[in-house]
There are 4 protein chains.
Amino acid sequence: MKAIRLHAYGEDPVLDDVPDPTIAGPLDVIVEIGGSGLCRTDLHIIEGQWADKSNVALPYTLGHENAGWVRQVGAGVTNVSVGDTVILHPTPTCGLCRACRAGDDMHCSGSTFPGINTDGGMAQYLLTSARACVPLDPSTQPADVAALADAGLTAYHAVRKAIPLLYPGTVCVVVGAGGLGHIGIQCLAALTSTRIVVVDRNPEALALAAELGADDTVVADGSHVDQIIELTGGMGAEVVIDFVAEQGAELEGPRMLRRAGSYFVIGYGGAVSIPTIDIISTEINVVGNLVGTYNDLAELMVLTEAGKVSLHTKTYPLTSALQAFDDLDAGNVRGRAIIVP
Amino acid sequence: MKAIRLHAYGEDPVLDDVPDPTIAGPLDVIVEIGGSGLCRTDLHIIEGQWADKSNVALPYTLGHENAGWVRQVGAGVTNVSVGDTVILHPTPTCGLCRACRAGDDMHCSGSTFPGINTDGGMAQYLLTSARACVPLDPSTQPADVAALADAGLTAYHAVRKAIPLLYPGTVCVVVGAGGLGHIGIQCLAALTSTRIVVVDRNPEALALAAELGADDTVVADGSHVDQIIELTGGMGAEVVIDFVAEQGAELEGPRMLRRAGSYFVIGYGGAVSIPTIDIISTEINVVGNLVGTYNDLAELMVLTEAGKVSLHTKTYPLTSALQAFDDLDAGNVRGRAIIVP
Amino acid sequence: MKAIRLHAYGEDPVLDDVPDPTIAGPLDVIVEIGGSGLCRTDLHIIEGQWADKSNVALPYTLGHENAGWVRQVGAGVTNVSVGDTVILHPTPTCGLCRACRAGDDMHCSGSTFPGINTDGGMAQYLLTSARACVPLDPSTQPADVAALADAGLTAYHAVRKAIPLLYPGTVCVVVGAGGLGHIGIQCLAALTSTRIVVVDRNPEALALAAELGADDTVVADGSHVDQIIELTGGMGAEVVIDFVAEQGAELEGPRMLRRAGSYFVIGYGGAVSIPTIDIISTEINVVGNLVGTYNDLAELMVLTEAGKVSLHTKTYPLTSALQAFDDLDAGNVRGRAIIVP
Amino acid sequence: MKAIRLHAYGEDPVLDDVPDPTIAGPLDVIVEIGGSGLCRTDLHIIEGQWADKSNVALPYTLGHENAGWVRQVGAGVTNVSVGDTVILHPTPTCGLCRACRAGDDMHCSGSTFPGINTDGGMAQYLLTSARACVPLDPSTQPADVAALADAGLTAYHAVRKAIPLLYPGTVCVVVGAGGLGHIGIQCLAALTSTRIVVVDRNPEALALAAELGADDTVVADGSHVDQIIELTGGMGAEVVIDFVAEQGAELEGPRMLRRAGSYFVIGYGGAVSIPTIDIISTEINVVGNLVGTYNDLAELMVLTEAGKVSLHTKTYPLTSALQAFDDLDAGNVRGRAIIVP
């Protein structure tokens, strides 16, 4: 089959001919890829930023946001059948550790991460596990939803954790209305009646945010923390969900909080730094967020199939994948680039 | 009546004759003080560290951890009667704001803090509110429990919030086995079956911790983070409750956490500083803690009256209060100094 | 002032001239009534069904769903001022018992219930408490929202408790699309993305339900339990909210549940009867619901002011109140009858 | 190998020679049985009461509470190794359905129940799944803990669900201090500081309850509901855990509740019957309970290995198993009968 593989860090990936994957274990599933999302992490992988963390042996196939159709299943697979349309949880899990037994897939002690530390989905076929397969309505187009497998899941997971804090009358500040943020806004609008206030540097992103459900938008022009405080009557927000969390955002976010408020960290790059006196005198919380559970992904797909969450996508055939990498790097992709084999 | 009042920052407080307090509002309560706890915060107040925050007009009466007997009540008081033994929640609240209506007394938008920003309990009588009065069994000696009003309440509140995280098989690290910490250990032992691991520089404090319910003790000698990791099979602890949170403890605490773990901040002085990549890749939380609710204090008194939480105390008559301040400053008080009028 | 008072059970209430109420206690508030909802409970009161429970001394003023404008306040009132538009929580609470201190207003051990066991709001003025006053935007018309004070609050409270169970992909069955039910449907649509399935005998009520957010409607024609089971793929619903709970509905509701499902009881009249073997083998729950908290009412008003919850109302001047009682009794009121002084 | 098999309903089981089980699937595990608990359910099975529900083909091997040592593992097993001491969750689950992915093992749509609907553990070896194996400390004797696999798990699961309701100052009534109840009492004592009040007909059972942590005991002599109300100052209990739930207990339990209280049903045989007016006017709950999760069992074993939960047992060799059935039927077993191959 054809696959986009990375042969050396710092070099362009290559469209290779490789053997088709084969079923080895009882829970193995082979999926014909219908769409594989391309994101900034892929650029970072190529640059070598993940080399030490993933320890993956080169060459290997990229693509960590995948959806398609089941083509073969192992002997122990009971949840999907050949022909099913599926989206794939990004980290096939062991199913046997305490975290798995509690449904906390992201803390599985034995998971893999296709596209990061093993062969991914920028190929005609992907070897995955029954535990990663979320069945979809047959009418769903994999290319339309593939990017929800990781980016969407991460946004949904954070919003779902915040729901109990977001009763009517509260304010939720969303920092960053980009790839993850604009999904987060849609999830907030679908699952709560909180007042959604979106902060971004980019007025176009804010215009989209308003269409997707933001009640207020604030340009991140340096005065935005003050504007948030003013918008909330001097009190601050019950929840700040930070999809940026670098370049200073991670210092501003906690300053937007109300007493007893919670700062949800999703983006990364900076460092949270808060005097303990400020943490205790206002009793605020900092909440980490990491991908999401299998059931989170299944729930997100319910929202998607009901039309409550949608993505802007631009598709590229597998043979033009390098063009997609270039476009993304050059900032020429509106929405998400999806590789379609 | 007699009262210990601060006349000028940087000078010793003075034993003054002042008028008895009188009932003005419908929820006012006058309590004859049976015991008023003395703590390090009182020394900081005298030094002037709180001057800007409290804005209290000098002279005023110290004492923010108070218990005694009800002597007069306003027309609207229905929860206590003259003669009742009571411990006093540290911050009489308005009862009408959203926080009060949710039971979150520590976030009341209109509370006072006797002994901090208005006259406190190092006196024969204290003017407080029905909303601060927690009735006690008549056999309870106010001097035995007064220090639980603030220090004990703070420890209990944090432990109570942590209970859902501390199922059997988990590890809870307690950093600091001093005034608050040794109450926290007793609360953990009473309310959970978690494995309690206590870290402190002082071997005597650790010996006491072991008597009070610690399963393991670790001397804070520089290798303690490594020891915690080793004790937990390389995984870290589900919860770290940090009663110190200064002088480096606030940086070590998060490093002791397991994936999805929570770092509870109670002490103060330092600054929490964690790269956002570390927050998200392990999905950890930082949880602020501030005093506690009225119901928290009532619950703590149930534990106390059942003998599950107790304090070491050393009593001083009101006329020897200055000696108590000196002893505390010199490190000559084992347990808590209690002023008894 | 004018007031609609009941002089004897079984007789029509009378439009009386009575003295204006006066402020006696520090938290007293006098509200000029802008609207007082009339409901079936008022008819039951007149019939004498509540005589033994309320023990109210006749004559007294009816009206337990009230909204209006603050006209006088007691010395201790800090949350509202003269001129404020307010809706009134139905049970002014003591503020000092454990339930009040936890925010559970409906379990206050010392509350009153104006219109039920003391003078209510079918009058020009009502004596209430600061603890009952929820401030509204000045542009809100009291007559538009008064009926939310009790009926709306009860529906909101139950829905809010059910939110954690109603993640995307779940089914929530609403039994009864009448006064409370049609508010419950709007709350479900505003606060969740569950699939809302409404059951009612009345096709018109179902048509309204569909407009308000129901995803499916089922006529209660005897086959409705089977239809629910079929609609849910044979599994049953995660949640059933029963606004009827009499005349057999209380036996059908639990049969519509999925394993681990919850049956929320709001209506009354029948008796829940379930073999314990069925309770344990499917691990289902029966959840009682009673009015709601002060904060629940404040949150519901946020939804209302945002246009997410609305009521059909028909207003009557105080002088035509008897006509309203007759119309209600005869089934000639579409939506809610509101008495406007 | 030797196995105790049921050949016909209404007849004694037989000690048969049968082939050893063999590994077929990748998650299969063969356990050498160290102890298999015998309980009243086994007598009911023999009588044929479960015939229609289990649809098991006779003859088959009894024994649904099992512990032992791992002797063989399938190719996909990663959580246990040959030689490990294990206790077995009673229902090996599919691991792939929504319930499994949320950790709710008891609601798995594809589980089996060895000893009930397939061959159980009254034999030298048992074929089970990796998903059922909870590893134990090698020093643990399987015969000492086997009965915790089902009876103990059920009691623990209910207590764990009740913890958030059982803060200090609350009352928890335990109805029935027999096999499950006496484990429930130990769990309550280990995990809460609630006041534990135990009701039983048998004074000896109450004496044991007091040793195990009951604060008060009440003989079920007809006046016990009144006694509970009196013991709670006329208020009732926050939680009632009913391990009987038949012969009238299921009607008395809800009457012991405080406003907003919860009645946990574990036993079965009767029918809960409560007028809806009583459910809503006090806002009480009825909570079903069914076995427990895999993680529940792992947590219970932590309590057991820490000495906080223990069982009285009487062991019988496999060759004397029929004697154990007779002794149980005749009421001659104090504690639990354990078959040891």
Side-chain angles (χ1 to χ4, degrees), chain B residues 87 103 134-137 145 148 152-153 155-172 183-197 213-216 232-233 238 260 292-310, chain D residues 87 103 134-137 140 145 148 152-153 155-172 183-196 213-216 232-233 238 260 292-310:
Chain B
I87 188 168
V134 175
L136 299 176
D137 186 277
V145 297
L148 294 172
L153 175 57
Y156 180 81
H157 178 63
V159 168
R160 193 190 203 286
K161 284 167 62 176
I163 291 174
L165 306 170
L166 295 175
Y167 48 84
T170 57
V171 174
C172 180
I183 302 171
I185 294 163
Q186 295 177 72
C187 293
L188 283 166
L191 299 176
T192 77
S193 280
T194 194
R195 180 178 170 196
I196 306 168
V197 180
D215 296 290
D216 299 276
T232 55
E238 279 80 0
T293 71
Y294 175 91
N295 284 343
D296 283 340
L297 183 55
E299 293 171 18
L300 174 58
M301 297 319 297
V302 172
L303 292 184
T304 304
E305 296 187 338
K308 295 181 180 177
V309 171
S310 61
Chain D
I87 188 168
V134 175
L136 300 176
D137 186 277
T140 303
V145 298
L148 294 172
L153 175 57
Y156 180 81
H157 178 62
V159 168
R160 195 191 202 284
K161 285 167 63 177
I163 291 174
L165 306 171
L166 295 175
Y167 48 83
T170 57
V171 174
C172 181
I183 301 169
I185 293 163
Q186 295 176 73
C187 293
L188 283 167
L191 299 175
T192 78
S193 280
T194 195
R195 180 177 170 198
I196 306 169
D215 296 290
D216 298 277
T232 56
E238 279 80 2
T293 72
Y294 176 91
N295 285 342
D296 283 339
L297 183 55
E299 294 171 19
L300 174 59
M301 297 320 295
V302 172
L303 291 185
T304 304
E305 295 186 338
K308 295 181 181 178
V309 171
S310 61

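Naming convention: chains lettered A, B, ... in sequence-line order (proteins, then strands); numbering from 1 in each chain. Please read all numbers here as calculations on a predicted model, not as lab measurements.
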Can you name the residues of residues 186-197 of chain B that have some heavy atom under 4.5 Å away from a heavy atom in chain D?
B:Ala190, B:Leu191, B:Thr192, B:Ser193

Calculate, to the nearest 0.5 Å, the distance between atoms CD1 and OH belonging to B:Ile163 and D:Tyr167 respectively.
12.0 Å

By number, which residues in residues 296-308 of chain D have some heavy atom less than 4.5 Å away from chain B?
D:Glu299, D:Val302, D:Leu303, D:Lys308

